[in-house]
Structures are given as C-alpha cells and as structure tokens.
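Below: the structure, in structure tokens.
Each residue takes its place number in the sequence, starting with 1.
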Amino acid sequence: MCADDHDQEIGRRALLMTGAAAALTLGSVTFASGAEAADGEQRTRTIRGTLPAGSPDYVYVPVEVPPGVREIRVAYTYDKPSVPAGNPGNALDIGIFDAHGTGLGGRGFRGWSGGARSEFFVRADDATPGYLPGPVTPGTWHIALGPYTVAPQGLSYEITVTLTHGEPGETPRPVYPPARAKGRGRAWYRGDCHLHSWYSDGRRTPAEIAALARAAGLDFVNTSDHNTNSSHPHWADQAGDDLLILLGEEVTTRNGHVLALGTDPGTFVDWRYRARDHRFGRFAHAIRRAGGLVVPAHPHATCVGCAWKFGFGEADAVEVWNGPFTPDDEVALAAWDAMLVASVRQGREWIPAMGNSDAHRPPDAVGTPQTVVLADDLTREAVQEGIRAGRSYVAESRHVSLTFTASGGRGEHAGIGERLRVSEDTPVTVRLEASGVPRCTARLVTDQGVLLTSDPFPVSGSGVVEWRTTPAYAAYVRAELRHETAAGPLPGVMAAFTNPIFLGPEQPWEPASGTTSGEG
C-alpha cells in the first residue's frame with residue numbers, strides 16, 4: 001500500500017462555479033497507473049481541505065482512476081466545533097459520480113449517502129447501500145461533497161480514497177417488484193408512500209419495512225430514499241399478492257423535498273438545484289415521463305432546507321400530513337385549504353392532499369398516517385390515478401375507516417374527490433360515517449371555514465354525522481376527525497381527514513396535471 005496527502009482549500013483552486021445552486025470543482029487527485037499493480041493491491045490518497053461559511057451547495061473532488069481498478073472506497077471525517085447560539089453546526093453530505101461526469105441529470109451518478117455514512121465502496125458486484133454496483137471504469141470520478149450547514153469557523157474535512165486493483169466481479173442483473181398485486185377490484189386501498197430504508201438514512205431493511213407495512217394493514221407502499229434509486233432492485237422479494245411495492249425517491253433539494261411516487265424501476269431524479277435556478281420543472285416532467293407522481297413532501301417542515309419553495313404548479317398531490325400530527329402539519333393543512341379556496345375562486349385545477357409516515361427508524365411507525373385510496377385495482381397505475389384524482393382520505397391507522405358522500409334530492413350522488421352536479425339552490429345532504437374514532441369530534445370544512453362541529457363520537461368509535469347545505473353556501477366540503485383536546489378551543493390532533501367533495505353546476509376540473517408552472 002502507498003499513501004499520499006493532498007491539501008485543498010476552497011478559493012485557492014476553484015475551477016468551476018455554475019448556477020445559483022453553485023458547484024465548485026477542486027484540483028484532481030491522481031493515482032499511478034495500475035498496469036503493474038498486483039491483484040488485490042491497494043493504493044490510498046488522503047485529501048484535506050476547509051470549506052468556509054457560505055460555501056457552494058456542492059463541492060466536487062475529481063479522482064483520476066487508472067485502468068485495472070476493481071473497487072473504489074471512500075471514507076471521510078469533518079470537524080464539529082461548538083458554535084455560537086443560533087448558528088447551525090457543521091453537516092457534510094457525500095456521494096460519488098463516475099467517469100460519465102457530474103452533469104445535471106445524473107448520467108454519472110453512482111450513489112449518495114448524505115450524512116448517514118462515514119464511508120462507502122463501489123465495485124462491479126456490490127456497493128454500500130445508497131450506491132450502485134457496476135464497473136469501476138477508468139477516468140475522472142468525482143467525490144461529491146454537500147456542505148449542508150457550515151459553522152462560522154468553517155468546516156475542515158479529510159477524505160481518504162482507496163483503490164483496490166484486480167479483476168472485477170459480475171454486476172448483478174436487477175430484478176424489480178411487479179406493478180400489480182392481487183387486489184380486490186375497485187376498492188379502498190391503504191398505503192404509505194414516504195418511507196426510508198438503510199439505502200439512505202433509514203435504519204430498516206426492506207424486509208423489516210415490508211413486515212411493518214403488512215402489520216399496519218397496508219396494501220401498498222412507495223420507496224422514497226433520499227437522492228438515490230439504489231434500493232429499487234432490493235424490494236422484489238418483499239412484494240406479494242397482499243402488498244404492492246411502488247418505487248420512487250425523495251428528491252431532497254436545498255429548497256424543499258418532493259416525492260417521486262411510483263416511477264419506473266431504476267429511475268433516478270437529480271436534486272442539485274434551488275428554486276431560483278428554474279430547473280425544477282425539468283425534473284418534475286422527468287418524474288411524470290417515468291410514470292411517477294410529483295408530490296411535495298412536508299411543505300412547512302421547519303428543518304433546514306425542508307420547507308417547499310418551488311410552488312405547486314407542478315404538483316400532482318401534496319403531502320399535508322407527515323408522521324405524527326404536529327403544528328407544521330396544521331399549517332400545511334391550512335395552506336392546502338387556502339389553495340382549495342383559490343381553486344374555486346379562479347375556476348382552476350385543485351391539488352389533492354395525502355399523508356405518509358416518513359418513517360426512518362424505531363420508534364417511527366410505518367403507516368402512521370396512511371392514505372386510503374379508491375382505486376380500480378391494486379396496480380401501480382390504478383393507485384396513482386386514485387391519488388391524482390383525489391379519491392382518498394388520510395387516516396392515523398388501519399383502525400380508522402370513513403365514508404363521506406354528498407347527495408341531492410333526485411338521486412344525484414358524489415364521493416370524495418368528486419363533484420355533485422346540482423344547481424346552486426339545490427338542497428344537498430352531506431353524510432359522514434366513521435369507525436375507529438372513539439371520542440373524536442367531526443368538523444365539516446367549506447370554503448367559508450368550519451361550518452359544523454359535531455359532538456364527540458361514542459367510545460365505540462362509530463357514528464354518523466349529517467349536514468344540509470346548498471352549493472350557493474358551500475362550494476366544497478371536506479371532513480376532519482380530531483381527537484379530544486384538554487385545552488380550550490384548540491381543534492385537537494388529527495385522526496383523519498378527507499379530500500373535498502365539490503358542489504355546484506360548473507363543469508368539473510381535473511386535479512392538477514403539473515403543466516402550469518412554466519419552469520423549464
């Protein structure tokens with residue numbers, strides 16, 4: 001083994017700075033040719049540098065990989081000094097791109113672990129979770145550093161790159177889960193579309209997640225590891241007649257996170273842009289071309305970079321409830337309701353809501369909450385269509401079931417996500433049937449606000465609420481079920497809520513198709 005040190009400082013050796021979400025490329029790290037290297041011989045370089053506060057979003061360290069390398073291994077550390085109150089400390093993400101380059105779109109993408117791992121390897125026959133197995137081709141690879149937050153003192157890092165020479169193994173052919181499960185025909189299906197495995201920053205294997213999904217009464221899940229598609233081939237043996245597994249990604253940008261929900265197997269979606277770069281539209285369209293839905297996640301989350309800044313012109317749905325119901329979910333619910341009002345006022349498309357667990361590790365509960373979708377069958381396309389149409393409600397667990405309808409006096413009828421086509425002065429009966437909600441209170445919400453609050457449901461958890469109105473008085477109506485609260489007029493923690501039923505004679509508009517933002 002031979003070793004060498006290579007010091008780099010931002011500002012001294014900057015070669016490339018592009019875009020608002022700027023990238024910086026440093027000087028290359030080189031290795032001697034591997035032509036004379038013995039099988040199994042290792043060669044190592046250590047790279048040190050310091051990133052100042054205000055660093056670009058991504059810093060690339062080129063590594064010249066000679067022929068004859070079977071494995072590249074990267075380990076890194078960085079300092080975590082104490083910081084003044086109110087300042088973020090250091091957090092440095094990491095990933096790697098191969099000799100195809102770092103161009104936006106990810107042709108050279110070979111893996112990303114964010115801040116979840118301190119080292120990783122890539123070779124033809126295997127790779128660290130989060131990374132893609134495949135040949136270690138000669139050429140310029142790039143270690144990608146993502147200074148998520150940088151302390152006022154700066155961020156000092158050390159990277160150790162080890163190349164192992166020898167004959168490569170055989171890259172496994174990926175096998176993916178089927179796009180169909182047995183199903184029950186047209187029925188209500190329960191799903192959780194925001195889940196993290198050990199292929200990003202989760203601590204559960206696909207097998208553990210699938211077992212928890214079945215225990216939570218789920219019919220489908222969507223994989224959503226951060227900024228990587230590496231888990232896709234590892235779910236096939238977890239699917240079954242009773243569990244449909246959709247494949248996706250949580251695209252984790254510096255201006256918010258978005259679920260690529262149910263994309264074609266192997267689809268990778270790049271995340272290296274901000275809202276001011278005007279690039280999100282390109283990748284939203286790419287998600288849909290790959291058969292997926294575009295779903296902004298936890299849009300009002302308070303973590304750094306988590307709140308959604310791209311607008312909703314490209315959204316097929318929005319995640320309003322994320323994990324245990326908290327104040328930021330309450331804000332997201334209110335903001336979504338305001339979007340419904342704007343849709344009615346402007347006569348334009350509306351965006352359905354959904355809820356997911358965002359479960360990473362114990363004690364995060366898979367299926368809390370879950371989106372319950374009316375779909376024609378338990379297939380990828382049918383579930384996506386139900387979500388896109390808003391034929392769904394969100395429940396805290398498998399124990400909560402709702403039926404929510406509106407009817408006119410002549411047999412007219414509409415369910416969740418639909419429109420009751422009657423004249424403005426037609427009497428309309430809204431009916432909510434619920435089970436699994438003991439001592440919960442029902443609220444019926446319209447474009448005016450909350451127009452009915454029921455008495456608490458009995459301890460049996462089952463009951464019916466009816467309300468009469470007209471389309472002139474309520475342009476839409478949706479239902480909420482909330483737990484009792486011990487403090488004054490607070491609304492209580494959510495147990496379930498529905499997408500709206502629209503009332504009135506206007507022609508129905510379709511839920512958002514994601515073609516209105518104009519972003520390129």
Side-chain angles (χ1 to χ4, degrees), residues 95 109-114 116-117 120-122 125-134 171-182 189-252 257 259-269 290-293 295 297 322-323 356-371 378-380 383-384 398:
F109 176 76
R110 291 298 294 272
W112 183 256
S113 48
R117 289 182 169 81
F120 62 86
F121 73 89
V122 175
D125 60 345
D126 200 4
T128 299
Y131 294 79
L132 304 177
T171 301
R173 182 177 180 179
V175 177
Y176 301 112
R180 173 184 295 273
K182 187 174 182 180
Y189 295 99
R190 295 175 179 267
D192 187 347
C193 294
H194 190 165
L195 294 161
H196 295 278
S197 75
W198 68 355
Y199 288 89
S200 62
D201 62 343
R203 293 293 179 268
R204 291 168 172 148
T205 65
E208 290 170 330
I209 293 171
L212 291 169
R214 289 179 165 97
L218 301 183
D219 301 293
F220 65 93
V221 297
N222 177 71
T223 72
S224 56
D225 284 309
H226 294 282
N227 295 346
T228 182
N229 57 349
S230 67
S231 76
H232 288 190
H234 300 280
W235 284 94
D237 56 357
Q238 304 308 319
D241 286 347
D242 62 335
L243 185 64
L244 173 69
I245 296 177
L246 309 180
L247 302 176
E249 179 185 332
E250 183 173 8
V251 185
T252 307
H257 304 182
L259 303 178
L261 196 164
T263 51
D264 293 336
T267 298
F268 168 73
V269 185
L293 301 183
V295 183
N322 175 276
N356 303 297
S357 73
D358 198 1
H360 283 69
R361 60 188 65 84
D364 298 351
V366 172
T368 301
Q370 51 192 243
T371 299
L378 189 52
T379 68
R380 166 185 163 188
V383 167
Q384 288 175 317
R398 67 185 301 174

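For Y131, the ring pair (Phe, Tyr, Trp, His ring centres under 6.0 Å) test picks out F120, with sequence neighbours left out. Under the rule for a ring pair (Phe, Tyr, Trp, His ring centres under 6.0 Å), the partners of H360 that lie at least two apart in sequence or sit in another chain are H196, H226.
Side chains of I209 and V221 form no contact here, defined as non-hydrogen atoms less than 4.5 Å apart. Between S357 and L195, some side-chain heavy-atom pair lies under the 4.5 Å cut-off. For the pair N356/N222, no side-chain contact is recorded, criterion being any heavy-atom separation below 4.5 Å from C-beta on. Considering only heavy atoms from C-beta on, S230 stays 4.5 Å or farther from D225 through its side chain. Side chains of E249 and T228 form no contact here, defined as non-hydrogen atoms less than 4.5 Å apart. In this structure, the side chains of W198 and P206 come closer than 4.5 Å at one or more pairs of heavy atoms. In this structure the side chain of L132 reaches within 4.5 angstrom of the side chain of N229, judged on heavy atoms. Using a 4.5 Å heavy-atom threshold, the side chains of C193 and F220 count as touching.
With values rounded to the nearest 0.5 angstrom, Y189 atom OH is found 10.0 Å from L244 atom CG. D219 CG to L243 CG: the interatomic distance, rounded to the nearest 0.5 Å, is 8.0 Å. Note that the CG atom of L261 and the OG atom of S224 stand 8.5 Å from one another [nearest 0.5 Å]. Between the CG atom in D242 and the CG atom in L218 there is a gap of 10.5 Å [rounded to 0.5 Å]. Note: D192 CG to R190 CZ = 12.0 Å, rounded to the nearest 0.5 Å.
Formation of a donor-acceptor pair under 3.5 Å by the Q238 side chain with backbone atoms of P177 is not found in this model. Distance alone, capped at 3.5 Å, places no donor-acceptor pair between the R398 side chain and the Q370 backbone. One N or O on the side chain of T205 and one on the backbone of E208 form a donor-acceptor pair closer than 3.5 Å. A donor-acceptor pair is defined here as one N or O able to donate and one able to accept, closer than 3.5 Å; such a pair exists between the side chain of T128 and the backbone of F121. In this structure, the side chain of N227 engages the main chain of T252 through a donor-acceptor pair within 3.5 Å. T171 places no side-chain N or O within 3.5 Å of a backbone atom of D125 that could act as its donor or acceptor partner. Side-chain atoms of T263 do not come within 3.5 Å of backbone N or O of A290 as any donor-acceptor pair. With hydrogens and angles disregarded, no donor-acceptor distance shorter than 3.5 Å links the side chain of E250 to the backbone of D358.
Sorted by first and then second residue, the pairs that involve residues 172-181 and meet salt bridge (Lys or Arg N to Asp or Glu O under 4.0 Å), not counting sequence neighbours, are R180-D377.
Note on R380 versus D264: salt bridge recorded, some NZ/NE/NH1/NH2 to OD/OE distance being below 4.0 Å.
The two residues V122 and R110 have their closest heavy-atom pair at CG1-NH2, 3.2 Å. Nearest heavy atoms, G323 versus P369: O-CD, 3.5 Å.
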Determine, step by step, whether V295 and H194 satisfy the side chain to side chain contact (heavy atoms under 4.5 Å, CB included) criterion, reporting the C-alpha distance in whole Å, the side-chain angles of both residues, the deciding distance to 0.1 Å, and the verdict. CA-CA 10 Å; V295 183; H194 190 165; over 6 Å; no

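Ring orientation note: the planes of Y176 and H232 are nearly perpendicular, at an angle over 60° on the 30°/60° scale.
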